[in-house]
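Take a look at the structure set out below.
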Amino acid sequence: EVQLVESGGGSVQPGGSLRLSCPAAGFTFDDYSIGWFRQAPGKEREGISCISGSDGIVQYGDSVRGRFAISYNLADNTVYLQMNSLTPEDTATYYCAARRSKFSGCTLLHGPYGYWGQGTQVTVSS
């Protein structure tokens, strides 16, 4: 059974950093792609990064490119999202999601992802 439990959220000042974690429990990473999404109150869910388990290809949304980095650690079977240079506009609930796929690459569209975590809150304020 696929289970996704995000962790690592919290409150941070502008310019600070956080690292979110998403352990790949109940499935083989090679057969899935993992996406990170976020949703702020009153806004649509936004795809911010993804990584393909089949070939390691990653993508970033325009709003986070150059500041966030997604990675997979084989040792602990966990997908990480390193978030640097955080701004108040990054305040949102962050979700990791899994999509069973052996195709190359990944997508930042949330529709294809069938498995979702419960979310972790990130608040950036001074």
Group every Ile, Leu, Val, Met, Phe, Trp and Tyr by side-chain heavy-atom contacts under 4.5 Å, then state whether Tyr115 and Ile48 land in the same group.
yes
How long is the straight-line distance from CG of Leu109 back to CZ of Arg99, given to the nearest 0.5 Å?
9.0 Å
With a 4.5 Å cut-off on side-chain heavy atoms, are Phe27 and Ile34 touching?
yes
Any non-hydrogen side-chain atom of Ser21 less than 4.5 Å from a side-chain atom of Ser7?
yes
The reported gap from CG in Leu20 to OG in Ser49 (rounded to nearest 0.5 angstrom) is 11.0 Å
Side-chain H-bond candidate by donor/acceptor type, Tyr72 with Asp76, under 3.5 Å
no
Are any of the side-chain heavy atoms of Ser71 and Gln82 separated by less than 4.5 Å?
no
For Arg67 against Leu86, the heavy-atom pair lying closest together
NH1-CA, 3.9 Å
For residues Val122 and Leu18, determine if any side-chain heavy atom of one lies less than 4.5 Å from a side-chain heavy atom of the other.
yes
Would you give the length of the straight line joining atom CE of Met83 to atom CZ of Arg19, rounded to the nearest 0.5 angstrom?
11.5 Å
So, does Glu6 use its side chain to make a donor-acceptor pair with the main chain of Gln118 at under 3.5 Å?
yes
List, by chain and then residue number, the residues other than Tyr113 in its hydrophobic cluster (Ile/Leu/Val/Met/Phe/Trp/Tyr, side-chain heavy atoms under 4.5 Å); write none if there are no others.
Phe37, Tyr95, Trp116
Within the structure provided, determine whether Trp36 and Val64 are in side-chain contact (heavy-atom separation under 4.5 Å).
no
Answer yes or no: is there a side-chain heavy-atom contact under 4.5 Å between Ile57 and Ile51?
no
For Asp31, enumerate each residue passing the salt bridge (Lys or Arg N to Asp or Glu O under 4.0 Å) test, keeping only those at least two apart in sequence or located in another chain.
Lys102
Give a yes or no on whether Phe29 and Tyr32 share a hydrophobic cluster (residues Ile, Leu, Val, Met, Phe, Trp, Tyr; joining criterion: side-chain heavy atoms under 4.5 Å apart).
yes
Any donor and acceptor pair, going by atom type alone, linking the side chain of Gln59 with main-chain N or O of Cys106 inside 3.5 Å?
yes
Does Ser101 use its side chain to pair, donor to acceptor, with the backbone of Phe103 at less than 3.5 Å?
yes
Ser54 side chain to Ser52 side chain, donor-acceptor N/O pair below 3.5 angstrom:
yes
Taking the side chain as C-beta and beyond, is there a heavy-atom pair between Pro14 and Ser126 under 4.5 Å?
yes
Check the side chains of Ser63 and Arg38 for a donor-acceptor pair under 3.5 angstrom, ignoring hydrogens and angles.
yes
Can any side-chain N or O of Asn77 pair as donor or acceptor with the backbone N or O of Leu74 at less than 3.5 Å?
no
Strictly by ring pair (Phe, Tyr, Trp, His ring centres under 6.0 Å), give each pair with a member in residues 45-66 just once, sequence neighbours left out.
none
Minimum heavy-atom separation for Gly105 and Asp55, please, with both atom names.
N-OD2, 3.1 Å
Measure from the side-chain N and O atoms of Asn73 to the backbone N and O of Thr78, and report whether any donor-acceptor pair falls under 3.5 Å.
no
In a check of side-chain contact (heavy atoms from CB on, under 4.5 Å) between Cys22 and each of Leu4, Val5, Ile70, which one passes?
Leu4
Determine whether Leu108 and Tyr80 fall in the same hydrophobic cluster, where Ile, Leu, Val, Met, Phe, Trp and Tyr are linked whenever their side-chain heavy atoms lie under 4.5 Å apart.
no
Before you tell me yes or no, could you show the steps for Thr93 and Gln121 under side chain to side chain donor-acceptor pair (under 3.5 Å), namely the whole-Å CA-CA distance, both residues' side-chain angles and the distance that decides it to 0.1 Å?
CA-CA 4 Å; Thr93 301; Gln121 178 66 36; 2.9 Å; yes
Do any N or O atoms from the side chain of Thr91 and from the backbone of Thr123 form a donor-acceptor pair under 3.5 angstrom?
no
